[in-house]
Amino acid sequence: MAVEFLAKEMETAVRVVHLASSLCVKVQDKLRLPSSTNGGHVKSKDDDSPVTVADWGVQAIVSWVLAQVFGGQNLSIVAEEDTESLSKAESLGLLGAVSSAVNEALSEASKYGLPKSDKPLGTADILEAIGRCNSVGGPKGRHWVLDPVDGTLGFVRGDQYAVALALIENGKVLLGVLGCPNYPVKKEGLSNGCNQPGAKGCVMYAKRGSGQAWMQPLIPGGYPESATLLKVSSVDDPVLATVCEPVERANSNHLFTAGLADSMGVRKKPMRVYSMVKYAAIACGDAEVFMKFAQSSYKEKIWDHAAGVVIVEEAGGVVTDAGGRNLDFSKGVYLEGLDRGIIACSGQVLHDKLIGAVYASWESSSL
Ligand SMILES: Nc1ncnc2c1ncn2[C@@H]1O[C@H](COP(=O)(O)OS(=O)(=O)O)[C@@H](OP(=O)(O)O)[C@H]1O
Ligand SMILES: [Mg+2]
Ligand SMILES: [Mg+2]
Ligand SMILES: [Mg+2]
């Protein structure tokens with residue numbers, strides 16, 4: 001019997017995102033405790049953006065599991081975090097917290113059908129696993145792409161965030177998995193005895209060319225047995241469309257996107273959501289448009305988009321830059337050549353209208 005293309009990669013990626021999401025849920029719960037006990041969990045990076053035990057912990061656990069399953073030799077992982085601040089002498093307490101979170105999660109790995117460690121990982125193993133993710137990707141070969149916690153600001157604020165893992169081969173995104181632990185799961189998405197009211201948390205995934213995107217509920221302490229097909233919204237009238245965009249003004253020009261939305265005929269207020277959960281909202285039909293127009297000096301990174309793009313496209317949506325071109329994942333860490341911004345729509349009709357609005361607004365602004 002022929003083995004399905006990428007079956008092992010897909011299965012491992014989905015399972016490890018479930019496990020990583022469980023780590024995030026525990027760390028986010030701890031962040032809610034009084035500051036005296038959680039002070040060590042949030043740090044500031046050089047660009048003032050936050051990084052937490054969960055960001056490092058997820059990167060360590062995904063890297064460790066991928067190395068166990070696929071071998072560490074030729075494994076290329078492009079990921080957001082590094083070990084620089086974590087390896088400093090004064091970070092011993094922080095490294096200890098990362099190590100505890102990773103070992104606590106790994107002790108449950110077999111419940112997710114993943115390899116577990118014979119003994120707890122030491123801090124050297126953890127640093128090695130995080131540090132291994134230093135690939136810069138590129139046009140040739142296979143590269144795993146990981147954003148361990150996307151929307152760290154949302155994460156520390158107790159709000160939306162995502163664990164995002166994708167596989168790129170020869171510059172094309174072959175598969176994507178998004179863990180969205182705080183995303184509310186609709187009734188029809190609930191199965192496996194997980195249909196309590198108000199249940200939240202899911203994992204979405206898709207394989208390039210399959211024409212299908214899937215969603216599973218996150219269930220505490222294990223792996224769900226079934227998945228539900230995702231489909232983008234069929235709404236193509238801008239009056240009925242919901243636009244989502246980044247929460248932070250620093251990350252996207254809210255004034256500009258409001259102008260675009262207005263000129264294409266959108267009437268509803270924008271839905272502002274942290275992280276790649278915006279792609280998830282498009283893929284499952286909760287919103288019709290996602291726009292992100294960062295400052296022109298900012299270069300978008302591949303780990304902030306790869307998983308979301310393939311999931312939206314396989315669920316029936318369209319994702320391009322503001323010039324209508326596909327995003328280019330072949331140039332290394334950055335989405336080089338990106339034309340102004342990112343646009344994801346549930347269908348071609350809305351997408352054409354939005355591209356038209358961008359064109360018109362650019363024309364008039366340069367008059
Ligand atoms: N200046 C600037 N401009 C644009 N984008 C930036 C900028 N700085 C950071 N980032 C990246 O934005 C990621 C979060 O994007 P979001 O769309 O979730 O934005 S927001 O948090 O809702 O405002 C965020 O991802 P994480 O670091 O994984 O949280 C960053 O990669
Ligand atoms: Mg990110
Ligand atoms: Mg991140
Ligand atoms: Mg970050």
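All residue numbers in this chain count up from 1 along the given sequence. We count ligands from 1, going down the list as the structure has it; atoms in each ligand are counted the same way. Here the structure is a predicted model, which is why all the values come from computation and not from measurement.
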(Q) Checking the side chain of Asp150 only, and the main-chain atoms of Met276 only, is there a donor and an acceptor separated by less than 3.5 Å? (A) yes
Q | Leu260 CG to Phe293 CZ distance, which is reported to the nearest 0.5 Å | A | 5.5 Å
Q. Quick one: does ligand 1 sit under 4.0 Å from the side chain of Ala294, the backbone, both or neither, non-hydrogen atoms only?
A. side chain
Q. Below 4.0 Å from any atom of ligand 1, is there a heavy atom belonging to Val51?
A. no
Q. Does Glu81 put an N, O or S atom under 2.8 Å from the Mg ion (ligand 3)?
A. no
Q) Is Leu153 close to Pro50 at the side-chain level, that is, under 4.5 Å between some pair of heavy atoms? A) yes
**Q.** Min N/O separation Lys301 to ligand 1 under 3.5 Å
**A.** no
(Q) Counting backbone and side-chain atoms alike, is an N, O or S atom of Val149 positioned under 2.8 Å from the Mg ion (ligand 3)? (A) yes
**Q.** Donor on one side chain, acceptor on other, Asp55 and Gln59, under 3.5 Å
**A.** no
Q: Record the part of Lys278 in heavy-atom contact with ligand 1 below 4.0 Å; permitted values are side chain, backbone, both and neither.
A: side chain
Q.
I want to know whether Tyr279 and Phe290 have ring centres closer than 6.0 Å.
A. yes
Q. Between Asn251 and ligand 1, which residue portion shows a heavy-atom distance shorter than 4.0 Å: side chain, backbone, both, or neither?
A. both
**Q.** Under 4.0 Å to a heavy atom of Asp147 - the qualifying atoms of ligand 1, by number
**A.** 28 (O)
Q. Is there a donor-acceptor pair under 3.5 Å between the side chain of Lys278 and the backbone N or O of Val273?
A. yes
Q: Say whether Thr152, considering both its backbone and side-chain N or O atoms, lies within less than 3.5 Å of an N or O atom on ligand 1.
A: yes
Q. Considering distance alone, does some N or O of Val247 sit under 3.5 Å from an N or O of ligand 1?
A. yes
Q: Any chance you could lay out the side-chain contact (heavy atoms from CB on, under 4.5 Å) test for Gln160 and Asn182, step after step, and finish with the verdict?
A: CA-CA 6 Å; Gln160 298 296 331; Asn182 284 340; 3.6 Å; yes
Q) Between Glu288 and Lys353, does at least one N-O distance fall below 4.0 Å, as a salt bridge requires? A) no
Q | N or O pair under 3.5 Å between Gly151 and ligand 1 | A | yes
**Q.** Protein heavy-atom partner closest to atom 23 (O) of ligand 1 - residue, atom, separation in Å
**A.** Glu248 N, 2.7 Å
(Q) Under 2.8 Å from the Mg ion (ligand 2), is there any N, O or S atom belonging to Glu80? (A) no
(Q) Can you tell me which portion of Tyr274 lies within the under-4.0 Å heavy-atom range of ligand 1? Options are side chain, backbone, both, or neither. (A) both
(Q) Determine whether a donor-acceptor pair (N or O, by modelled atom type, separation under 3.5 Å) exists between the side chain of Thr257 and the backbone of Asn253. (A) yes
Q: Check all N, O or S atoms of Asp304 and name the one closest to the Mg ion (ligand 2).
A: OD1
Q. In the protein, what heavy atom is nearest to atom 10 (N) of ligand 1, and what distance, to one decimal place, separates them?
A. Tyr298 OH, 3.1 Å
Q.
Any nitrogen or oxygen of Lys292, side chain or backbone, less than 3.5 Å from one on ligand 1?
A. yes
Q) Is there a heavy atom of Ala250 sitting under 4.0 angstrom from any atom of ligand 1? A) yes
Q.
Salt bridge or not between Glu245 and Arg272? Use side-chain N to carboxylate O under 4.0 Å.
A. yes
Q: Give a yes/no verdict on whether any heavy atom in Glu80 is under 4.0 Å from an atom of ligand 1.
A: yes
Q | salt_bridge(Glu80, Lys45) N-O dist < 4.0 Å | A | yes
Q. How far is atom 25 (O) of ligand 1 from its nearest protein heavy atom, and which residue and atom name does that atom have?
A. Asp150 OD1, 3.1 Å
**Q.** Any Ser49 heavy atom less than 4.0 Å to ligand 1
**A.** no
(Q) Side chain, backbone, both or neither: which applies to Val273 and ligand 1 if a contact is any heavy-atom pair less than 4.0 Å apart? (A) backbone
**Q.** Heavy atom of Val149, distance to ligand 1 below 4.0 Å
**A.** yes
Q | N, O or S atom within Asp147 nearest to the Mg ion (ligand 2), by name | A | OD2
Q: State, with a plain yes or no, whether a side-chain heavy atom of Arg325 is found less than 4.5 Å away from one of Thr320.
A: no
Q) What's the atom name of the N, O or S in Asp150 nearest to the Mg ion (ligand 2)? A) OD1
Q) Does one side chain, of Ser233 or Ser346, offer a donor that lies under 3.5 Å from an acceptor on the other? A) no
Q.
Between Asp29 and Arg32 (salt bridge meaning N to carboxylate O under 4.0 Å), is one present in this structure?
A. yes
Q: For Leu178 and Gly308, work out which heavy atoms get closest and say how close.
A: CD1-CA, 4.2 Å
